[in-house]
Amino acid sequence: MRTRFTELFGVRHPIVQGGMQWVGRAELAAAVSNAGGLGMVTALTQPTPDALVREIARCRDLTDQPFGVNLTVLPTITPPPYAEFRQAIIESGVGIVETAGSNPKDHVSAFKAAGVKVIHKCTSVRHALSAERLGVDAISIDGFECAGHPGEDDVPGLILVPAAADKVRIPLIASGGFGDGRGLVAALALGADAINMGTRFCATVEAPIHENFKRQMVANDETGTELIFRTMRNTARVAKNAVSRQVVDRERQGATFDDIRDLVAGKRGVEGLLRGDVDHGIWTAGQVQALIRDIPPVDALVRRIMAEAEEIITNRLRQLVD
Ligand SMILES: Cc1cc2nc3c(=O)[nH]c(=O)nc-3n(C[C@H](O)[C@H](O)[C@H](O)COP(=O)(O)O)c2cc1C
């Protein structure tokens with residue numbers, strides 16, 4: 001399948017693995033790239049820019065296919081040294097970056113000056129158009145169903161993707177809620193050139209997280225997520241569990257960030273991830289959990305999605321118009 005996306009990024013399949021904190025390590029990114037998609041190492045999962053350089057080298061040892069690095073810029077109390085991470089990415093010679101979060105301006109100009117192709121991931125047509133004006137190479141647009149930060153507009157992909165496709169001229173990647181061949185065909189029909197998946201890639205053999213989380217994703221359905229930080233206008237879609245329920249209840253009662261800080265602490269989330277305790281802290285997952293029924297190797301997943309998409313296009317859809 002050839003699209004503007006596969007042509008621009010030199011990959012076989014129009015499938016991206018979006019940046020994922022604690023999950024986007026070398027083994028997953030390399031597995032996706034080896035399967036013909038575009039894998040993404042997540043910069044801020046590494047404690048320092050030097051550690052990121054080593055992680056990129058590790059990914060390069062595991063694949064000779066193109067892969068990228070995600071750099072997420074979010075409001076935090078103690079911001080990481082973004083400029084140093086950016087420099088580490090540039091000096092590592094990675095040719096592709098996914099920027100996400102607020103205000104990518106400085107990062108985009110530095111990456112472009114260094115000849116790096118930039119995919120900017122955002123959650124509104126407005127932000128997509130400003131990133132296009134900044135000179136990014138492609139837009140990844142996250143619908144409301146996505147895991148992580150869906151923004152505050154609550155526009156699902158069924159509307160957001162075609163609305164963006166009508167206005168954005170550069171290649172467009174539809175993100176949020178994708179997990180199978182049906183989704184890929186739908187995204188292409190809506191005007192996208194590729195899909196981006198996060199949650200679906202977490203439930204694979206190569207995802208470097210505890211088995212209990214993968215099994216929980218298989219067990220969960222479309223109601224298995226919750227929106228936290230709504231009252232702070234920094235909404236995050238996370239897996240519904242004992243902690244997310246407490247957070248939402250306390251937000252309803254008027255809690256401030258300080259009141260829930262301990263519950264949502266990244267440290268607590270990581271402890272849970274390592275121990276395999278799905279109710280210990282907050283962890284990120286999307287509504288697409290409804291479509292996850294197994295934990296396959298990445299290569300088998302990508303082949304299945306492509307085969308299903310081709311079958312739908314060449315048989316089911318064609319028969320409708322014959
Ligand atoms: C565990 C997890 C961690 C994530 N962390 C990040 C992140 O650090 N930066 C980012 O830009 N997106 C992050 N995302 C969002 C994904 O890159 C992607 O946009 C999203 O998962 C798409 O929705 P889906 O899960 O329905 O496929 C994360 C998603 C998951 C599931």
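Values below: all heavy atoms of this structure, side chains included; hydrogens, waters and symmetry mates excluded. Start at 1 and go down the list; that is how both ligands and their atoms are numbered. Everything numeric here is computed off the predicted structure, so don't read it as measured data.
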Test item, G148 contacting ligand 1 (heavy atom, 4.0 angstrom): no
K121 and ligand 1 - part of the residue with a heavy-atom distance under 4.0 Å: side chain
Check ion pair E211-K214 (N to O, under 4.0 angstrom): yes
Element-labelled atoms of ligand 1 that are located less than 4.0 Å from some non-hydrogen atom of M197: 27 (O)
Location of contacts on N70 toward ligand 1, heavy atoms closer than 4.0 Å: side chain
Atom 22 (C) of ligand 1: nearest protein contact (heavy atom, Å): S175 OG, 3.4 Å
Residue selection (non-hydrogen contact nearest atom 14 (N) of ligand 1) among G198, G19, G18: G19
Sidechain N-carboxylate O distance under 4.0 Å for E7, R2: yes
Backbone or side-chain N or O of Q21 under 3.5 Å from ligand 1 N or O: yes
Ion pair check, E308 and R304, cut-off under 4.0 Å: no
Side chains of S130 and H127, donor plus acceptor under 3.5 Å: no
Q21 versus T45, side-chain donor and acceptor atoms under 3.5 Å: yes
Test log, rule salt bridge (charged side-chain N to carboxylate O under 4.0 Å, His left out), inputs D262 and R250: CA-CA 12 Å; D262 290 346; R250 287 172 69 172; over 6 Å; no
Contacting atoms of ligand 1, where contact means under 4.0 angstrom from a heavy atom of D142: 19 (O), 22 (C)
Under 4.0 Å to a heavy atom of T72 - the qualifying atoms of ligand 1, by number: 7 (C), 8 (O), 9 (N), 10 (C), 11 (O)
Ligand 1-proximal atoms of T284, by part, heavy-atom distance under 4.0 Å: both
Residue V288 vicinity, atoms of ligand 1 by number, heavy atom under 4.0 Å: 26 (O)
SB check K117 D137 (cutoff 4.0 Å): no
Taking atom 20 (C) of ligand 1 as the reference point, the nearest protein heavy atom with its distance: A147 O, 3.7 Å
N-O pairing of R245 and D249 below 4.0 Å: no
Shortest heavy-atom approach to atom 24 (P) of ligand 1 - which of V73, T99, L273, T199: T199
A100 and ligand 1 - part of the residue with a heavy-atom distance under 4.0 Å: side chain
Carboxylate-amine/guanidinium contact D154 R237, below 4.0 Å: no
Heavy-atom nearest neighbour in the protein, as seen from atom 26 (O) of ligand 1, with distance rounded to 0.1 Å: G177 N, 2.8 Å
Closest approach of any protein heavy atom to atom 29 (C) of ligand 1, naming residue and atom: M20 CG, 3.6 Å
Protein contact to atom 18 (C) of ligand 1 [nearest heavy atom, distance to 0.1 Å]: N196 ND2, 3.6 Å
Under 3.5 Å side-chain donor-acceptor pair for S244 and E226: yes
Under-4.0 Å salt bridge between D180 and R293: no
